[in-house]
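We name chains A, B, ... by the order of the sequence lines, and we start the count at 1 in each one.
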Amino acid sequence: MLRFLLRRVALALVTLWVLSVIIFLASHALPGDVGRRILGPFADPRAVATLDHSLGVDRPLLVQYLTWIGGFVHGDLGMSLSFHVPVSQLLLRGLGNSVKLAAVAFVIVVPLSIFGGIVAALRRGRLLDRIITVGGLSATAMPEFVTSIVLILVLSISLKVLPISVQVPPDADPLTQIYHLILPSLPLVLVLFGYIARITRAGMIEALESDYTRTAVLKGLPWRTVVIRHVLRNALMPTIAVVATQTGYLIGGLVVIETMFNYQGIGQLLFTAVSQKDFPLIQAGVMTVGIVYLGATLLADISYSLLNPRIRLAGRE
Amino acid sequence: MSEKLGAAQTPALQVTDLKLSYRVRGRDREAIRGVTFTINRGESYGLVGESGCGKSTVAYAAMRYLPSNGKITSGTIVLDGRDMLAMDGDELRQLRAKAVSMVYQNPGTALNPTIRVGDQLVESFVTAGVHRHEAGERALAMLRQVQISDPTGVMSRYAHQLSGGMQQRVVIAMALASDPTLLILDEPTTGLDATVEAEVLDLIRNLRATFGTSVLFISHNLGVIARMCDRVGVLYAGRMVEEGPAWELLTNPRHPYTVGLLRCIPRWGLSKELGALDTIPGFPPGIGAAVKGCVFADRCGLVQDICRTKEPGLDPVGEGHASRCHFSDIAQTLPSAERDMVPRPPVPETGRSALSIHNLRRTMRQQGSSFQALAGIDLEIAPGEVFGLVGESGSGKTTLARSVVGLGAPDAGSEISLEGKPLPAKVGQRSRDQVRAIQIVFQNPDASLNRRHAVRQILGRALTKLTGVHGEQRARRVVELSESVRLDAALLDALPRQLSGGLKQRVGIARAFAGEPHLVICDEPTSALDVSVQAAILNLLVRLQRDRNLSYIFISHDLGVVRYISDRIGVLYLGRLMEVGPADVVFRAPHHPYTEALLSAAPSLEVREEHRIRLSGDVPSAAKPPSGCVFHTRCPRKTGAICEQEQPPLAEEEPGHFIRCHIPIEELRRLQKPEAAKEAG
Amino acid sequence: MSAVISFPRLETAASARRQAWTERLRLALRTPSLLVGAAVVLFWILCAIFAAKIAPYDPLQPDILHKLLPPSAAHRFGTDGLGRDVLSRVIFGSRGILVAAPLATLLGTVGGTAIGLVAGYFRGLVEEVLMRITDAFLALPTIVTALLVLAAVGGSTTTVILVIGLGFAPIIARTVRAAVLSEAQLEYVEAAKLRQERAPYVMFVEILPNVMGPVLVEFTVRLGYAVFAIATLSFLGFGIPPPAPDWGLTIAEQYTYLIANLWWPVLFPALAIASVVIAVNLFADGLSQVLER
Amino acid sequence: MDREAQRRLDEVRKGRTELENNAIDELIAGRVSRREFIRFATVLGFSMPALGVVLEACSTSSTPTTSGNIKKGGRLNVGHQTPAGAMDPILTNDLGRLTILGQCGEYLAWSDSNLHLRPVLATSWTPNSDGTEWTFKIRQNVKYNDGSGPMTVDDVVATFKRLADPTVTGNNALSNFKGVLSPTGVSKVDNQTVKFTLDAANGNFPYLVSSDNYNAIILPASYNGGWDQTFIGTGPFKLKAGGYVVNDHVSLDRNPTYWDPNNQPYLDGLDFKFYDSEPSAILAFQAGSLDVYTQFSVANGQGLLTDPNTTVIDIPTSAHRQVHLRVDQPPFNDKLVRQAMALAIDRPTIITGLWNGKAQLANDHPLFKMYPSSDTSIAQRAQDITKAKSLMAQAGKASGVDVTLYTEKVQEIPALAALLVSAGGQIGIRITLNLTDSGTYYDRYWLNSPMGITDYGHRGVPNTFLSAPLLSTGTWNAAHFANPTYDGYYADYVKAVDLSAQKAVSGKIEQLLLDETPMLIPYNYDFLTAVKKKVSGLETSGMGHMNFRLAGITS
């Protein structure tokens, strides 16, 4: 178990390092000159050169990389070129906001889709199964910007049941905050629903067709007990891993959603950074996305291994 | 118990004219074509037949547990006096909870991997109506009854922490929790090692005696059936073709299929010198195939016109013995399908060796720890010799085979030489001649043949790479090669999945022979096949070996098969050869205690109940081999401290007969006398 | 000598193969999701090919005095903010995505399959290095990778194809590697080694055909996501540049009209995207069902 | 003009410079319109009473519009473009920042929507006779919004020395002061007076110290960076504690120490919420989370224009899209082809269709009608396909030419590009579009493309428009236009301080540019601000300033 975890952590760290190199190289492929980007097209070339020098972007790549990654390790992510504030400040706030939004989406989607997947598997091949799988597939297939528009039109503008604005007074109580986040989280919910439900359904079907389920049924256990005690526990294990890998997908969705709803999360921050070629922010932002994803998958690995006695007890005996 | 006695008059299970079909690709295909049988109270009833004949389907039908596409189209199933097909869900559940239980193949998957074994067992008791407080105690007691040594410890473990044998004991314990009227055992020991299998079978016999449970025992292995059952039914293509008392049926079969099946089996003491094995040509009708007349007519050597038009009834041919054959009286005159086996001249003692292995060691890593899969093997194989290698799983048989062909390099210091010349460790380093000289026939043709390559491509590529032929010549050689393994040239364009198991294995054999090898390693080449097919493959291998005078290393866990085909035999245990000698010598006492245990564990058609020795426990982990003689932990003949401290040498006790044991051969001979006498008789 | 054993149920292996194909085709015809998916995709392919014949107007021709006309007989889907015919733009819009999405997916599939094959076959250091790079890319959502690259090189159809391909390659590499790992354990691979086949032969001739099933399924699944991703990139302004009648771009350009209840310039491209993605996904779903059996 | 008026006019004339008297003469003679006069007079620094006298004498009147019924208190939610960089006056170069600057800081003068200057921190100003020296009287007893102060002449001097200093990194004010004002040219005369000695004569200098030069808010002499922490200035609002969150919002409170006792802000405060994308801001405005959305485009704001609950404040500006036609490369190296392209464009249709009328016709030169110095008598170019085709034939290009149009994906520019494609197509100029993000356009294509559309913001005076993109030495000369005659005209224009002289040069420039056609300018577009009906009193400017001082919520 410990060995397993250590290996996973080590792998994640190596992956992170590779990621940092990729990001660094990619962001240095950005065209144009950093100083020019900061000072704008109408600035004096001498001023640009001076700024470049003071930023250190005229030094060798390796030196720049080491400086950057060194700063990163110490929590110094540099200054944002477009906002002139420390990148860490922007990212922390963005991440906090995104986590709120993602949490609302997860809280809605995870129980819903798992339940949907379970129901579909239990009604396999019947109408309800078709509705859930095809419906889920369709929802997953719709780009967030398409669903957002429809949801805004229907829920906010026509029915006026949800506020369109995600801006909550900062001192608002948590319930109000959540209320404001429901609408933007719905497109994410739709995208994730089909996916998680599908995996849950597949896991359920595999578990339902397994020998141990047959054992349980032939033991004469009531069907409810078979499902709850024997099937679910095994069926939901792959779902956990999937839910975690969906965080990556979720961040991709957040770029769109946050931009559309003008929600100051990491997605919008990334979008802005990329639009404005604010490379310290791009680097740190993309790194953060990577860290969040790897952290989430690591967390999933850990919970998976805790739930799976095969891994939990490995090395013992 | 009292309930059972009270109901003693009604049979435990009564299946009448059961017909069942599966809906496959939109069509209902009949799999069970009318099966009738009765299992009486306390009776053990065996159901045998080759794969696809419908054994398991009948078993699951008896529990009314069918896949969603399966449908019972007619017939009745009466269990414990109750009509199962008329039950609603709750009644059925009650019945399963209390009256009928099942144990099946792969105990590892039958147990829930995420629930502690104890909890699963307790659950069985609770479901059967035992009070929750009491269930724990009862579970422990039951574990003791299935002879689990540390029941408390096992209760708190998960399935994956138990060995296969232990898992099966737990499953059996669960099945017996409800003290069922009927226990269905579906290939309960398939996949277990011979010694473990013997133990489990013994356990089942004993438990049956204790509980008085009726048993439906399903197996493809006639030997197991013979040992376990009172009465036997032979299924063929969803039809009961013969039924009778076990002993009577196996010694005096009255249906050509049973006769053929029995003849296919390499019986005890039978060797290739004594003649070819019989085979059953052709294929059984598939599920849903329209059958007119006798289901066996297409493959029957006694077939007459009437067989194709009129279906014979299951008519009595003796006391409780019935056969579904128009000619049951002459069934045993079934002509043999293979007649061409001539005794082979004995291996010439030229003193040359085809393959020489010296101090072969192989250290392998698994989950971070390393272990010796092979711990110093010395072996000489003469040209034209068949060397049989037996041993349980994990003994290193396959590792040895792989080392010889050059897949997976042995440790430094190991020496393998081919015809006197040292052989590079890895196949990539070997010359083309060396590569073509040593080839292998794999166990599972499904895995060893590329699913996407046609037979012609598989054979042609092997010919090109091994012999360098191209174009026209290659095309001709492919045809020759396929004919040499008796594969119709029309099948050359087929993909492996379009071929039956036996045909696939012929392709595998042809491929191994493409480069005209000097040494072929046969790694369990028939263990995935039905006995009738196995016989044909064994015959083929014998013929090829005889015609080309090449050497085999023949690996198998089936002692009968090894005995049949081998000239010499080596017995492997934990990466060490425990005994090596001429086949007939090794099979005749005295033998190494491990060989003795293996021999006595092997289920066979001969009744040899009195003198069996049993090994307790499982094969120790190769990562932590026992000190001294590696076998001492399980050895029934262990003499004392010396066995634990000192590894005995592989000593030549008789000319050509080597045994690795501290016990002197005379002592072994004395200890094993009774069996030896039996064997000789 | 006993007779050579023949296969009684088949005349020749060739007919056996034909039978296998017809069997599979029959199975495909009995899989509704596959059929519906294929039909819709085919519909759009026809639209793309014959766009010039079908479309009533030039999709790029503005007529700003007749902008934002609701659907009518002259303009079945109405006109957009520049007075261009929405129907014609939707029809022509199929072109970009139907070229870009398959190309991007193909690129990702070919690249990913190669990486997966090499990693799964060679194991050891090669595998470690490849998989770490793959993992690093996997840690980023495709959209983020795409933004990163598009920011660097600017948006054009070519870069979008390349970047989506780049984003997909690691995902496909993972799938292929897993399949290769289990294939490589099978003995036919050892049989190949036992006749001294070179690694490329083993990878591409022996193993590849056997992992084509998962690759094919992955391809169709990715294809659906490619449509999704390309549309999203266009929407974010990093994809195919205007004035192309690209659906995602059109939605981005016109979605504010929704507020003024001018729904037609947005709804129709949105439906088009949805129909393509759903169709491709249905097709993928059906295909995996057919291949599974 | 009655005698009394005449007498008072004469009084006013007495203290005036020659330039000022010249302006008055022009007005009386009817050579300048009242509007032009006011503008010119304010440039020259007529004090309000004096201006009033002149206009009254000429039977005109100037009464600033005031709104009634505004209640005191309340806050407004303002949707606003995200500031594109550090909140620092000297670095500011975008609407996102300048609007915020203007809430907390003030300028010497305010340039209103009609390009009239109104005294703010300066009470009056006067040029010397040739326009090389300008003297400003500074308002007294003005406190800063942190309670410090009062603002002194030293503060003003320090502010402008900094703004004119070319060594300050990222100094955006240089675009106005380069060649006009050096740090040494700023001097304190006395405790109430500042003198600017210019590098060259400039008749429009007061605009450069007004709100049109948005960098020029007056800061304490002690100011040394870090504006985003303090938001210091003399304006009607101040930063609410912790109210600035980068990339998110700014919350401002009323400045309780605001200097003007008669014009205290009604509002308790303003909450600016930043939006990266216009559609999301419009959605938020539409859904009621915003009271004001500072600037929206017609393309995205169709809904706002027709919304009964919304007032649209519509200010004409000199902001425009400049389509450069590179004169030293085919196909536009031929004047005839350039003219043909210009004649192919149907400007009124574009204004109606693309802008819903919220734009003004322009005539392919930057001397827009809104500038008093422009010569409005030059005929407006109109679509003439026949003539365009014959010009193409005349140029030997009857079979057509191919060209790539590069531009940025900003606001309606892609639509304009599409319309140009369609216009060119009519006469055989086959245009391929290459649209990129702004950064790429300016980095790579702007100055290196045969044809491009560049986005030019509002300027209070045309000087920059006439120099940078058109002079042979011009730094933004994307058309690579090099015409000595033009360069000469430009020098004359800048030197001219006399309105009629300016107009005369303007006419020549306009004609030359129409003939040469190095650029197409189809329109000036209006600055549109969306305000909820309940909000009143908001004053906007073409530059993008939002004067919330007199804004409030109506009861």
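- Heavy-atom pairs under 4.5 Å with chain A peak, among E123(B), M174(B), R64(B), at E123(B).
- Interface check for chain A: of the options R116(B), M102(B), K98(B), R96(B), the most heavy-atom pairs under 4.5 Å are formed by R96(B).
- Results of the side-chain contact (heavy atoms from CB on, under 4.5 Å) test with T114(B) over R229(A), H230(A), M237(A) single out M237(A) as the only residue that passes.
- Counted within 6.0 Å of CD on E137(B), heavy atoms from surrounding residues, nucleotides or ligands total 12 or fewer; the atom is thus considered open.
- Residues of residues 199-223 of chain A that come closer than 4.5 Å to chain B, counting heavy atoms only, are D211(A), Y212(A), R214(A), T215(A), V217(A), L218(A), K219(A), G220(A), L221(A), P222(A), ordered by residue number.
- With a 4.5 angstrom heavy-atom cutoff, D90(B) does not touch chain A via any of its atoms.
- Atom CZ of F125(B) has more than 12 neighbouring heavy atoms from other residues, nucleotides or ligands inside a 6.0 Å radius.
- In the displayed structure, R29(B) atom CZ is contacted under 6.0 Å by more than 12 heavy atoms of other residues, nucleotides or ligands.
- At a 4.5 Å heavy-atom cutoff, Q94(B) makes no contact with chain A through either its backbone or its side chain.
- Closest non-hydrogen pair, P309(A) versus P113(B), comes out as CG-O, 3.1 Å.
- V126(B) does not touch chain A: none of its heavy atoms, backbone or side chain, sits under 4.5 Å away.
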